[in-house]
Structure formats: structure tokens, C-alpha cells
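Structure record follows, encoded as C-alpha cells.
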Amino acid sequence: MKRLMWVLAASLLMFGCKPGIPEHIIKPDKMEKIVYDMHIVDGYLSTIYIPDSAKRVAAAYYKGIYKKFNIDSVSYSRSLTYYNNNPDELEKIYKNISKKLDAQKLKMQKADSLSLQKPKAQETPAPK
């Protein structure tokens, strides 16, 4: 009987205490949105050819993202380090981001193709 209790207690400890995401880490759904916005900003910044200008613009955009999600750079960095050390979680985040970027790309391609289409010439009545 003691042995059964011991096995049961060990099983509970092993399977019952599943490590989750620590309290001080940004949760995956929110982190996904933050990283998505960061990548959009990084893409924009890559189009600015003057490094000093890019740095000034970057600071303002990053502050805006922190404000939007009610975080600071320390919590973002801490969370990013956590996810880098937990590649399975990071992979899930990036799979979702990739899907969002693909959907955005399709929307942009559709909008571009619509803007390139020539409007049909309207028939005007022949002068009498």
C-alpha cells in the first residue's frame, strides 16, 4: 500500500506540476502580436538608407509598440529571451506570424492587381 501511495505521489509531482509560462513573461498570444508589429517596423526601417535617421525613427516606433501593448522594453527583452530558450513556443508564435504575413501579402497583391487594371473605356455616343 505504501508503495502504491509513493508511486501515486511521484506521478502527481511528475505530471501534475507541468511547467507553464512564468508570470513575468508575456503570454504567447500577446507576444505574437508584439513580434508581428516589431517585424513590420523592422521591414519599414530597412527601407531607410540613412542609419542615423533609421535609429531615430525606430526608437519612436518601438516606443509606440510598447505603449500599444502596455509593456516596456525590459519585459519585451525578458520575454524574447524566454521564447528563444523555448524554441517550441517560439515556433508556434512564428507559424502564426507567418500565416498573418502571408494573408497580408495576398491582400496587397490583390490590391496591386486591381490598381493596375485599366478601366474599361466608356462608350460615348457618336456626334450627330
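Worth knowing before you read on, the calculation uses all heavy atoms, side chains too, and leaves out hydrogens, waters and symmetry mates. Nothing here was measured: the structure is a model prediction, and the numbers come from that model.
Note that CG of L45 is 7.5 Å distant from OG1 of T47, once rounded to the nearest 0.5 Å. If you take CZ on F69 and NZ on K30, they are separated by 8.0 Å, rounding to the nearest 0.5 Å. One distance of note links CD1 of I97 with CE of M31; it measures 8.5 Å at 0.5 Å rounding.
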| query | Given the rule in the side chain to side chain contact (heavy atoms under 4.5 Å, CB included) test, do I40 and Q104 qualify, once you have shown the distances and angles that lead to the verdict? | reply | CA-CA 11 Å; I40 296 298; Q104 186 69 26; 5.9 Å; no
| query | Can you list the steps and then say if Y36 with N96 is a side chain to side chain contact (heavy atoms under 4.5 Å, CB included)? | reply | CA-CA 9 Å; Y36 176 85; N96 290 333; over 6 Å; no
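Every residue was checked against the side chain to side chain donor-acceptor pair (under 3.5 Å) condition with N86, not counting sequence neighbours, and none meets it. Remark: Q109 pairs with K105, L106 by the side-chain contact (heavy atoms from CB on, under 4.5 Å) rule, at least two apart or across chains. Every residue two or more places apart in sequence or in another chain was checked for a side chain to side chain donor-acceptor pair (under 3.5 Å) with Y76, and none qualifies. Y83 is linked by a ring pair (Phe, Tyr, Trp, His ring centres under 6.0 Å) to nothing, counting only residues two or more places apart in sequence or in another chain. Residues passing the side chain to side chain donor-acceptor pair (under 3.5 Å) test with K55: none are found, sequence neighbours excluded. Residues meeting the side chain to side chain donor-acceptor pair (under 3.5 Å) test with S73, sequence neighbours left out: none. Judged as a side-chain contact (heavy atoms from CB on, under 4.5 Å), and not counting sequence neighbours, P51 has no contacts. Listed by chain and number, the residues in a side-chain contact (heavy atoms from CB on, under 4.5 Å) with N84 are L80, L90 (sequence neighbours excluded).
Judged by distance alone, the side chain of T81 and the main-chain N or O of S77 form a donor-acceptor pair under 3.5 Å.
Among residue pairs with one or both ends in residues 72-81, none qualify as salt bridge (Lys or Arg N to Asp or Glu O under 4.0 Å); sequence neighbours excluded. Residues in residues 87-102 take part in these salt bridge (Lys or Arg N to Asp or Glu O under 4.0 Å) pairs, two or more places apart or across chains: E32-K100, E89-K92, E91-K95.
Counting heavy-atom neighbours within 6.0 Å of K68 NZ, excluding the residue itself, gives a total of 12 or less.
The shortest distance between side-chain heavy atoms of I21 and I26 does not fall below 4.5 Å.
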Please tabulate, for side-chain N and O atoms in residues 56-67, each donor-acceptor pair with protein atoms closer than 3.5 Å (sequence neighbours left out).
unit_1	atom_1	unit_2	atom_2	d
Y62	OH	D42	OD1	2.3

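No side-chain donor from either of Y44 and H39 sits under 3.5 Å from a side-chain acceptor of the other.
Across all non-hydrogen atoms, the minimal contact from Y82 to G20 is OH-O, 4.1 Å. Shortest non-hydrogen contact noted between H24 and S79 is O-OG, 4.3 Å.
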